[in-house]
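Working notes for the structure below.
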Amino acid sequence: MPRATGATILHADLDAFYASVEQLLDPTLLGKPIAVGGGAGGSGNGSGNGGVVLAASYEAKAFGVRSGMPGWRARSLCPSLTFVGGHFREYQRLGDAVMDVFGQFTPEVERVSIDEAFLDVAGSVHLFGEPAHIAAELRRRVRDELGLPLSVGVATTKHLAKVASQVAKPDGIVVVAPGTEREFLAPLPVGLLWGVGRKTQERLAASGVHTVGELAATSPAVLQSLLGEAVGEKLGALAVNDDPRHIETDRHARSVGAQSALGQRAATDDVLRTTLGFLADRVATRLRAAGQAGRTVTVRVRFPGMRAVTRSSTSPDPVASTLTLTDVAFDLARAAFVDNPAEREVTLLAISVSNLVDHDAHQLALDLDAEEQHADATSVNRVALDHAVDAARSRFGRASLGYATTVLRAEGGVPDEFRELAERGDPRSPD
DNA sequence: TCTGGGGTCCTAGGACCC
DNA sequence: TCTGGGGTCCTAGGACCC
C-alpha cells in the first residue's frame with residue numbers, strides 16, 4: 001500500500017473534558033477534585049447516590065476516581081470529592097467550537113467523539129508550518145479562546161498519534177518522529193493501545209505480554225489464537241506500526257439507540273411498554289430528523305446482577321415510526337423474558353436501530369400509498385402522527401407533547417386531537 | 001449498600017444460495 | 001447419492017471506546 005511519509009497525523013484530545021468545562025463555568029472548582037455525576041433512573045444530574053461518574057478532574061483522578069465508577073465508590077476513594085451535575089448543552093457547544101478551531105487548520109478533520117479528533121495536516125504545512133508547530137498552535141488557541149486544556153499527539157499513523165496524545169496527557173504534546181515509532185512504543189503498556197481493554201490485557205498478561213515491545217515480539221499466530229483473528233491481526237500490525245492513516249471526514253452513524261437504567265423493577269407489561277415507548281420516541285425522532293429508518297431493531301434487557309441479553313429482528317421494511325418501533329421493541333423484550341423465565345425483574349432497557357437506510361417519513365408514506373392497494377390504515381396514521389408530533393415539537397418545544405401511555409394503548413388508532421394536528425400541520429403530511 | 005448512555009466492531013452458528 | 005467450497009444474511013453475545 002502506498003503511504004505518505006512524515007508525521008502529519010494529529011490526534012487532539014481535550015483533557016477530562018466534562019470536568020474541565022465545569023471548572024471553566026465555575027472557577028471555584030479549579031484545582032479541586034470534582035466528578036460530573038450521572039443520575040440513575042434518568043434524572044440526569046444526580047449527585048452520586050446511585051449514579052456513576054461520567055468524568056473526573058485530574059485532581060480526582062489522582063485519588064483513583066475514574067469515569068464509569070459508581071458514585072459511592074468514588075466518594076469512598078476521595079472523601080473531598082465534589083459532585084456536580086452535567087451541563088450537557090455546554091459540552092456540545094464547546095466541543096463544536098473546538099472542532100471549528102481544528103477546521104481552520106485543515107479540512108481533513110475526523111471527529112471521533114465530542115472531545116477528540118484526528119487531523120491530517122499534510123496539506124497545511126505550507127500555510128501553517130510543521131505539524132509540531134500546528135499542534136502547538138491548536139493547543140494555544142483552544143486554551144486562549146475557549147479556556148480548555150488540550151493534548152495532542154503527532155505521528156505517522158492515526159493509532160500512533162492517539163497513543164502519543166494519551167502519553168502527552170495532561171495538557172501536553174508528544175511528537176513521534178518517523179523512524180522512532182518502535183522505540184517509542186516498546187516500553188509502553190499494551191493497555192495504551194486502542195482496542196486493548198481489561199479482558200485483552202488479562203489474556204496477554206497470562207502469556208507474559210505486558211508491553212507493546214513484548215507484543216511485537218509475539219508471533220502473529222500466537223496472538224490470533226489468543227485473541228481471535230481480527231484482534232490478533234490488528235494488534236500484531238499495530239505493535240510494528242503498520243497501521244492506516246486515512247482520515248474519514250464524513251463518518252455516518254451505523255445505528256441509533258437509547259437506553260434507560262431503571263433501578264430494579266418488576267418486569268410488568270406496563271413497565272416494559274412505558275419505558276420502551278419513551279425510548280422508541282427518542283430513537284425514532286432522531287431517525288426521522290436525520291431522514292433515516294432502520295431494518296433491524298435490537299432490544300437489550302438487563303436483569304438484576306448485570307446479566308443482559310439481546311433480542312433482535314430484521315424486517316424488509318425500514319422502521320422510523322415511533323409506535324411501530326414501540327410495538328416491535330415490546331415484542332422483543334417479552335421474548336427475552338419468555339426465554340428467561342427465572343427473571344422477573346429488569347434493571348435496564350435499551351433499543352437500538354441498525355441497518356440504516358435513507359428514508360424520510362414522506363417517502364415512507366408515498367411507498368405505503370403506492371405499494372399497498374388498500375394501504376394499512378394503521379401505518380398511514382402512524383406516519384401522520386409522527387409528522388404531527390415532530391412538527392408541533394419543532395414549534396412549541398420537545399416537551400410540548402408526546403406519545404402518552406393512553407395513545408400507546410389505543411389499539412384502534414390515533415386520537416382525534418392528533419389527527420387534527422396532522423390535518424392542519426405540515427403540508428407534506430399524508431392524508 | 002454494585003454500575004450511565006451513546007456508540008463500534010468481531011465471532012460463531014445456522015439458514016440459505018449457487 | 002450422504003456431502004465440497006464459497007458467499008451472504010441474520011441472531012446473540014461479548015469486548016471495547018468515549
Side-chain angles (χ1 to χ4, degrees), chain A residues 11 13-19 35-46 48-56 66-76 85-86 88 91-92 95 111-117 159 162 165-166 169 190-204 224 227-235 248 251-264 278-279 282-283 286 295-316 332 335-336 339-340 347-356:
Chain A
H11 182 255
D13 198 350
L14 289 153
D15 299 329
F17 179 49
Y18 292 179
V36 179
S43 75
N45 55 356
N49 279 343
V52 299
V53 174
L54 296 181
R66 296 287 181 270
S67 58
M69 186 177 274
W72 63 266
R73 177 134 186 263
R75 215 182 273 287
S76 77
F88 294 93
Y91 305 159
Q92 192 65 52
R111 188 174 189 171
V112 189
S113 70
I114 191 169
D115 62 348
E116 66 178 295
H159 194 120
K162 182 161 169 76
S165 75
Q166 301 311 112
K169 281 178 178 297
V190 288
L192 277 183
L193 297 180
W194 198 90
V196 178
R198 189 172 54 87
K199 299 278 185 181
T200 301
Q201 237 170 303
E202 283 171 7
R203 262 177 248 175
L204 288 171
Q224 289 187 21
L227 307 172
E229 191 179 343
V231 174
E233 197 172 319
K234 205 174 125 188
L235 285 195
E248 280 180 72
R251 306 215 309 181
H252 53 283
R254 302 180 66 88
S255 67
V256 174
Q259 66 180 52
S260 224
L262 303 172
Q264 192 160 329
F278 166 73
L279 294 172
R282 284 165 48 173
V283 171
R286 286 167 57 203
R295 291 202 305 114
T296 301
V297 177
T298 303
V299 165
R300 179 178 169 85
V301 177
R302 197 180 70 194
F303 307 116
M306 297 301 283
R307 190 175 76 91
V309 299
T310 60
R311 289 293 177 274
S312 69
S313 67
T314 299
S315 142
L332 289 168
D339 295 341
N340 293 274
T347 65
L348 177 143
L349 288 169
I351 296 177
S352 175
V353 175
S354 55
N355 263 321
L356 301 182

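Proteins come first, then strands; the chains are lettered A, B, ... in the order of their sequence lines, and each starts at number 1. Atom set for the values below is all heavy atoms of this structure, side chains included, hydrogens, waters and symmetry mates excluded.
Within 4.0 Å of Arg295(A), counting heavy atoms only, lie sugar-phosphate atoms of the nucleic acid but no base atom. Nucleic acid contact for Gly68(A): base, since at least one base atom lies under 4.0 Å from a heavy atom of the residue. Contacts of Ala55(A) with the nucleic acid, taken as non-hydrogen atoms under 4.0 Å apart, are absent.
Paired regions of DNA chain B, where each region holds three or more successive Watson-Crick or G-U pairs whose two hydrogen-bonding distances fall under 3.5 Å, are B:5-18 with C:5-18.
Residues satisfying the ring-ring contact (aromatic ring centres under 6.0 Å, His included) test with His159(A), not counting sequence neighbours, are none. Evaluation of the salt bridge (Lys or Arg N to Asp or Glu O under 4.0 Å) rule for Arg254(A) yields no partner, not counting sequence neighbours. Listed by chain and number, the residues in a salt bridge (Lys or Arg N to Asp or Glu O under 4.0 Å) with Arg311(A) are Asp339(A) (sequence neighbours excluded). In terms of the ring-ring contact (aromatic ring centres under 6.0 Å, His included) criterion, residue partners of Phe303(A) (sequence neighbours excluded) are, by chain and number, Phe337(A).
Comparing dC17(B) with dG4(C), their C1' atoms are spaced 15 Å from each other, to the whole Å.
Rounding to whole angstrom units, CD of residue Gln259(A) and P of dT8(B) are separated by 14 Å. Here dG5(B) presents its C1' atom at 9 Å from CG of Leu348(A), a figure rounded to the nearest Å. Atom P of nucleotide dC2(B) and atom CZ of Arg302(A) are separated by 12 Å, given to the nearest angstrom. Between Leu227(A) atom CG and dC10(B) atom P there is a gap of 14 Å when expressed in whole angstrom units. Atom CG of Leu54(A) is separated from atom P of dG5(B) by 9 Å (rounded to the nearest Å). For the pair Asn355(A) CG and dT8(B) C1', the interatomic distance rounds to 15 Å; values are reported in whole Å. One atom, CG of Leu349(A), and another, C1' of dG5(B), lie 14 Å apart when rounded to the nearest Å.
Mapping Val256(A) and Ser67(A) onto DNA chain B via the closest heavy atom, the residue that lands nearer the 5' end is Ser67(A). Mapped onto DNA chain B by nearest heavy atom, Val231(A) and Met69(A) fall at different nucleotides, with Met69(A) at the one closer to the 5' end.
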In B/S/- notation, 5' to 3', how is nucleotides 12-17 of chain C contacted by protein heavy atoms closer than 4.0 Å?
SS-SSS

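Looking at Arg295(A) and Thr314(A), their side chains never bring a donor and an acceptor atom within 3.5 Å of each other.
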